[in-house]
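Just below is one structure, and these are the notes that go with it.
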Amino acid sequence: MKKAVMYGAGNIGRGFIGQLFYESGYETVFIDVNSDVVEKINSDKSYPVKFVSDNGTHELTVKNISAVNGRNEQDAADAIAEADIMATAVGVNILPFIARPLALGLKRRWSSGNETPLNIIICENLIDADLYLKKLISDQLEDADIKKAEQKVGFVEASIGRMVPVMTPDMQGDNILRICVEEYSQLPVDKDGFKGDIPEIKNLKPFSPFSFYIQRKLFIHNMGHAASAYLGALKGYTCIWQAVEDEQILKTVKEAMISSAKALSIEHKVDINDLLEHIDDLLSRFGNRQLGDTVARVGRDLSRKLSPEDRLTGALNLCIKHGIGTDAICKAIAAALCFKDPAEIRAAGILKSDGPEKVLKEICQITPGTDSWKTITQKYKELSLPSSPFVQSPQPA
């Protein structure tokens, strides 16, 4: 049986890629540092994926699996050395910590005489994730192995569209491995990133040039999702579905997504109508009550999400580049500046102590005095007023 390695047994690892590997005939080894998850995978050799929608639910059992603890570099390296395909879904901030075991696995692979190309599908929300991971691994290799990696390792960017909420104990029920997901399961990947043959994996969609899919995901899907969270938080909503059922919020979010779509259509010479259909589909999926996705989860990690190339400021900059109106995106950024993360993350501390202007300058890298600066600061003042229509008492879930 073909062997796959899934680095990260979290929401996307179990709730998306692990499912596709199983349905494509792979035996999958998960690498994770959560010892409870690792032990449960090795005990059960399977886990349930629950597909949820407002029309009903059903489950699929993912089988042919095992796991190793990522804290044991040698076990992780052994799994990588034997893999026919692998993927990462650990989070951008964790990638530096997995570079060493990845490098060890590659060296062990080559020392055993396995010269078959290994393609790594990188399921992380980061533009140029392939270059980033490649650099991290190269820093752990000697010159000769770096040259071999150039020939034998494919760093393949992916655009992850499936939405998977943070699992609560109630959602997990009697199994900590149960994962709830939406039905959507397309996996666009960078066709040019592969070495050797492109593997046959269910719903894999190789595409070139892939920058369009990366930006479509970031500047339409992620931006719209984040805008829903930040505007929803101002009205006291707990869940994303509540936010998009609010006509005022929906109007702003859709306008922001359409602005990005217009800019992407010009940038990549794609049909605007296809992007508008994509927006309608996304907004419908955002409204899936059964996912239970929260504004707190979607809105967290403000420092990254407000950075100049990420979902909000990146979309703003692309629209400015192509002369597209940015009013709705500016309102979403202003709402983000008002966001109070209940987890007290670092970015929230920055906002509390330094104010919105410093965030716009140092995190968003928006030049003071520009039209965008003026619009965002004005909207921030408006949204901060007690009389703002976006400031209401908390809404029940």
### Minimum-distance pair of heavy atoms, taken over all atoms of I198 and P206
CG2-CG, 4.0 Å
### Evaluation steps, salt bridge (charged side-chain N to carboxylate O under 4.0 Å, His left out), between D293 and R297
CA-CA 7 Å; D293 214 354; R297 186 199 74 81; 2.6 Å; yes
### Query
Could you give all pairs that pass the ring-ring contact (aromatic ring centres under 6.0 Å, His included) test and reach residues 258-291, with sequence neighbours left out?
F212-H268, H221-F286, H225-F286
### Task
Name the orientation class of the two ring planes belonging to Y230 and F339 (parallel below 30°, tilted from 30 to 60°, perpendicular beyond 60°).
perpendicular
### Message
Between the side chains of E59 and K50, is the shortest nitrogen-to-carboxylate-oxygen separation below 4.0 Å, so that they form an ion pair?
### Response
no
### Message
Both conditions, 6.0 Å and 45 degrees, for the charged tip of R285 above the ring of Y184: are they met here?
### Response
yes
### Task
Answer whether the closest heavy-atom distance between the side chains of N175 and P48 falls below 4.5 Å.
yes
#### Entry: Audit row: S260, M223, side chain to side chain contact (heavy atoms under 4.5 Å, CB included) steps and yes/no
CA-CA 9 Å; S260 279; M223 186 273 292; 3.4 Å; yes
### Task
For the pair E245 and R289, find out whether any cationic side-chain nitrogen is under 4.0 Å from an anionic carboxylate oxygen.
yes
With a 3.5 Å cut-off and sequence neighbours excluded, list the donor-acceptor pairs that the side chains of residues 125-134 form with protein atoms.
residue, atom, partner, partner atom, Å
N125, OD1, K217, NZ, 3.2
K134, NZ, E150, OE1, 3.0
K134, NZ, E150, OE2, 3.2

### Query
Do the side chain of S138 and the main chain of K135 share a donor and acceptor less than 3.5 angstrom apart?
no
### Query
How about D246 and Y237: does a side-chain donor come under 3.5 Å of a side-chain acceptor?
yes
### Query
Which atom pair, heavy atoms only, marks the closest approach of C239 to G292?
SG-O, 4.4 Å
### Summary
Shortest non-hydrogen pair, A336 vs L312, comes out as CB-CD1, 4.2 Å
### Task
Report yes if some heavy atom in the side chain of T370 is under 4.5 Å from a heavy atom in the side chain of K374; otherwise report no.
no
### Query
Can you find a pair of side-chain heavy atoms, one from V33 and one from V38, that are under 4.5 Å apart?
no
### Summary
Here the pair of heavy atoms bringing S259 nearest to I324 is O-CG2, 3.6 Å
## Note on the structure
Looking only at heavy atoms, the pair that brings A263 and H322 closest together is O-CD2, 3.6 Å
### Task
Examine the side chains of S66 and N42 and answer whether a donor and an acceptor come within less than 3.5 Å of each other.
no
### Query
Ion pair present between R162 and E183, side-chain N to carboxylate O less than 4.0 angstrom?
no
### Message
Between M167 and I179, is the side chain to side chain contact (heavy atoms under 4.5 Å, CB included) condition met? List the steps.
### Response
CA-CA 7 Å; M167 295 296 293; I179 196 86; 3.7 Å; yes
### Task
Could you walk me through whether F51 and V181 pass side chain to side chain contact (heavy atoms under 4.5 Å, CB included), step by step?
CA-CA 5 Å; F51 299 90; V181 303; 3.5 Å; yes
### Carboxylate-amine/guanidinium contact K40 D36, below 4.0 Å
no
### Query
Is a salt bridge present between D145 and K107, judged by a nitrogen-to-oxygen distance below 4.0 Å?
no
### Query
Could K3 and E27 be called an ion pair, given the rule that one side-chain N must be under 4.0 Å from one carboxylate O?
no
### Message
What's the separation between atom OG1 in T61 and atom CG in L177, rounded to the nearest 0.5 Å?
### Response
11.5 Å
### Task
Compare all side-chain heavy atoms of D327 with those of T375 and state whether any distance is below 4.5 angstrom.
yes
### Contact check, side chains of K195 and K152, non-hydrogen atoms, under 4.5 Å
no
### Query
With side chains defined as the heavy atoms from C-beta onward, is the minimum distance between L231 and V295 less than 4.5 Å?
no
### Query
To the nearest 0.5 Å, how far apart are CD in Q74 and CG in D78?
7.0 Å
### C123 and I17, any side-chain heavy atoms less than 4.5 Å apart
yes
### Query
Does the pair E247/K251 count as a salt bridge with the N-to-O cut at 4.0 Å?
no
### Query
Do the non-hydrogen side-chain atoms of S53 and Q290 ever get within less than 4.5 Å of each other?
no
### Message
So which atom in D32 and which in A9 form the shortest heavy-atom distance, rounded to 0.1 Å?
### Response
OD2-N, 2.7 Å
### Ring-face cation contact, F207 with K191, 6.0 Å cut, 45° max
no
### Query
What distance do I122 atom CD1 and M86 atom CE have between them, rounded to the nearest 0.5 Å?
9.5 Å
### Message
Testing the 3.5 Å rule here: is there a donor-acceptor pair between the side chains of S208 and D192?
### Response
yes
### Task
Kindly check if the number of other-residue, nucleotide or ligand heavy atoms within 6.0 Å of CD (E200) is above 12?
no
### Task
Go through Q248 and K235 one step at a time and tell me if the side-chain hydrogen bond (donor to acceptor under 3.5 Å, both in side chains) criterion holds.
CA-CA 11 Å; Q248 191 176 37; K235 283 202 170 185; 2.8 Å; yes
### Query
side chain to side chain contact (heavy atoms under 4.5 Å, CB included) with T88: which of I98, I121, I12?
I98
### Summary
Output for pair (T313 OG1, I333 CD1), nearest 0.5 Å, gives 4.5 Å
### Message
If you apply the rule side chain to side chain contact (heavy atoms under 4.5 Å, CB included), what do you find for C319 with I329, and how did you get there?
### Response
CA-CA 9 Å; C319 287; I329 297 176; 3.8 Å; yes
### Task
Give, for atom CD1 of I41 and atom CZ of F30, the distance between the pair rounded to the nearest 0.5 Å.
5.5 Å
### Query
Are a donor atom and an acceptor atom from the side chains of R14 and Q19 found within less than 3.5 Å of each other?
no
### D301 with K305: basic N within carboxylate O range, under 4.0 Å
no
### Message
Could you measure the distance from the CG atom of N119 to the CZ atom of F194? Nearest 0.5 Å is fine.
### Response
5.5 Å
### Message
For a quick check under 3.5 Å, do T168 and D170 share a side-chain donor-acceptor pair by atom type?
### Response
no
### Query
Taking 4.0 angstrom as the limit, do R109 and E82 come out as a salt bridge?
no
